[in-house]
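Reviewing the structure listed below.
Keep in mind that what you see is a predicted model, and the values were worked out from it rather than measured.
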Amino acid sequence: EIGRNVSISGAAVAQNVVCGAGNVFGANIDVTAASDGATVILANHSDIGGNPAIQASLNLVKDIAAPALAFTSPAANAYIKASNKAAFTVQGTCSENTRAVTFSGAAIGSTNCAAGAFSLALDFSGQADGTVNLVANHADLGGNSLSINRNYTLDTSLPSFTVDPLADTYASLSDYNALHLTGTCSEAAQNITFAGGTFATTVPCIVGAWEVYLNMFAEADGAVNVSITHADAAGNVSNAQVVALTKDTVVPTVALTALVSPNDIANNATKAAFTVTGTCSVAGRNVSFSGSAQEQNVVCAAGNTFSA
């Protein structure tokens, strides 16, 4: 009935609109007062004689509630380090199962909400070290959306350290249980780690320096390689530096060959060059003479003998 009113009611605020040319009508309906969920819009129309049309109805779903979305881990400002910058996993909760959770900002990606949760490994490789911001967005079927963001700390620089030169690389009877090593380091309050053989220990970097007393009691005599690394707060670990040591706690031996009379007499002719011989356990090391003779050193020769 062109020119006659169409009355809108139901979940919408009641209003009248005119049936227009072509026997059509249109209305902007107000469902503010309706609760979220299934709702019905009704339309009534009558002719000039008062005859009513069969009531028309339209089923709608009202949905104005924003979806829920939250990060759960890692914590805000957590470190992204060199080893996981290309696959840093973020996790959280979400309300719209099967709907996408999309990420933008410092990293880009998307995953579906499943069983009220999301988890995705993101690539932060293109970002410079420092604070990075990640934005997550989640939308429901009705087009309502929610965006949240979280900052992380990107730190991909490897820590550095040095080892001071050693006076000697032997761990002997005098120091094998407290071999002193020192050096410099870049990460204050972070550990220097020592590993090798049967021992492992750590010491902190203090004001750019470190020192350690290694206990090599349990090591067998011989070569001992100590691998040293330095970590930073983000968990980045430096390249290892190996210090090659030798544990030597075996007491050397030396013996003088017994002299048989009359060769055991230093007379006037031989007193300035009286020859003695013997055996020694460490070839290449000195045999030192003292006592009644003038002090001197001779080298323990190949075959572990000496003559002086």
Side-chain angles (χ1 to χ4, degrees), residues 69-94 101-111 114 117-137 147-164 166 179-216 218-219 224-245:
L69 182 66
F71 287 110
T72 57
S73 69
N77 301 311
Y79 282 103
I80 304 170
K81 57 188 176 181
S83 62
N84 67 2
K85 66 180 179 180
F88 182 75
T89 299
V90 295
Q91 296 176 319
T93 58
C94 46
V101 179
T102 59
F103 300 90
S104 59
I108 297 172
S110 178
T111 187
F118 67 86
S119 179
L120 185 64
L122 294 168
D123 185 358
F124 290 82
S125 298
Q127 302 299 317
D129 277 13
T131 299
V132 293
N133 182 258
L134 180 67
V135 178
N137 181 271
S147 290
I148 59 174
N149 69 89
R150 177 164 282 189
N151 288 337
Y152 300 104
T153 302
L154 181 63
D155 179 358
T156 61
S157 298
L158 297 185
S160 61
F161 71 97
T162 65
V163 180
D164 293 334
L166 299 174
L179 186 67
H180 191 210
L181 301 178
T182 60
T184 63
C185 44
S186 62
E187 308 300 314
Q190 299 301 311
N191 281 340
I192 310 289
T193 299
F194 305 83
T198 62
F199 66 85
T201 190
T202 60
V203 296
C205 176
I206 300 175
V207 196
W210 61 266
E211 69 172 343
V212 68
Y213 290 87
L214 295 179
N215 187 347
M216 300 174 64
E219 302 301 316
V224 179
N225 290 326
V226 180
S227 178
I228 307 174
T229 55
H230 186 25
D232 63 16
N236 298 300
V237 179
S238 69
N239 295 320
Q241 184 171 336
V242 176
V243 176
L245 302 173

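In this structure, the separation between OH on Tyr152 and CD1 on Ile80 is 7.5 Å, given to the nearest 0.5 Å. Between the OG1 atom of Thr201 and the CD1 atom of Ile192 there is a distance of 11.5 Å, given to the nearest 0.5 Å.
Using a 4.5 Å heavy-atom threshold, the side chains of Ser119 and Thr89 count as touching. Side-chain contact between Ile148 and Phe71: present, with at least one pair of heavy atoms (C-beta onward) separated by less than 4.5 Å. Considering only heavy atoms from C-beta on, Thr156 stays 4.5 Å or farther from Phe124 through its side chain. Contact of the Leu166 side chain with the Val243 side chain is registered, since non-hydrogen atoms from C-beta on lie closer than 4.5 Å. Residues Ser157 and Asn236 have side chains not in contact (no heavy-atom distance under 4.5 Å, counting atoms from C-beta outward). Between Tyr79 and Asp232 there is no side-chain heavy-atom pair separated by less than 4.5 Å. Trp210 places a side-chain heavy atom less than 4.5 Å from the side chain of Val163.
Donor-acceptor pairing under 3.5 Å is lacking for the side chains of Thr131 and Asn151. With hydrogens and angles left out, the side-chain atoms of Asp155 and Thr153 include no donor and acceptor closer than 3.5 Å. There is a side-chain donor-acceptor pair under 3.5 Å between Gln91 and Ser73.
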Stepwise side-chain hydrogen bond (donor to acceptor under 3.5 Å, both in side chains) test for Glu211 and His180: CA-CA 7 Å; Glu211 69 172 343; His180 191 210; 2.8 Å; yes
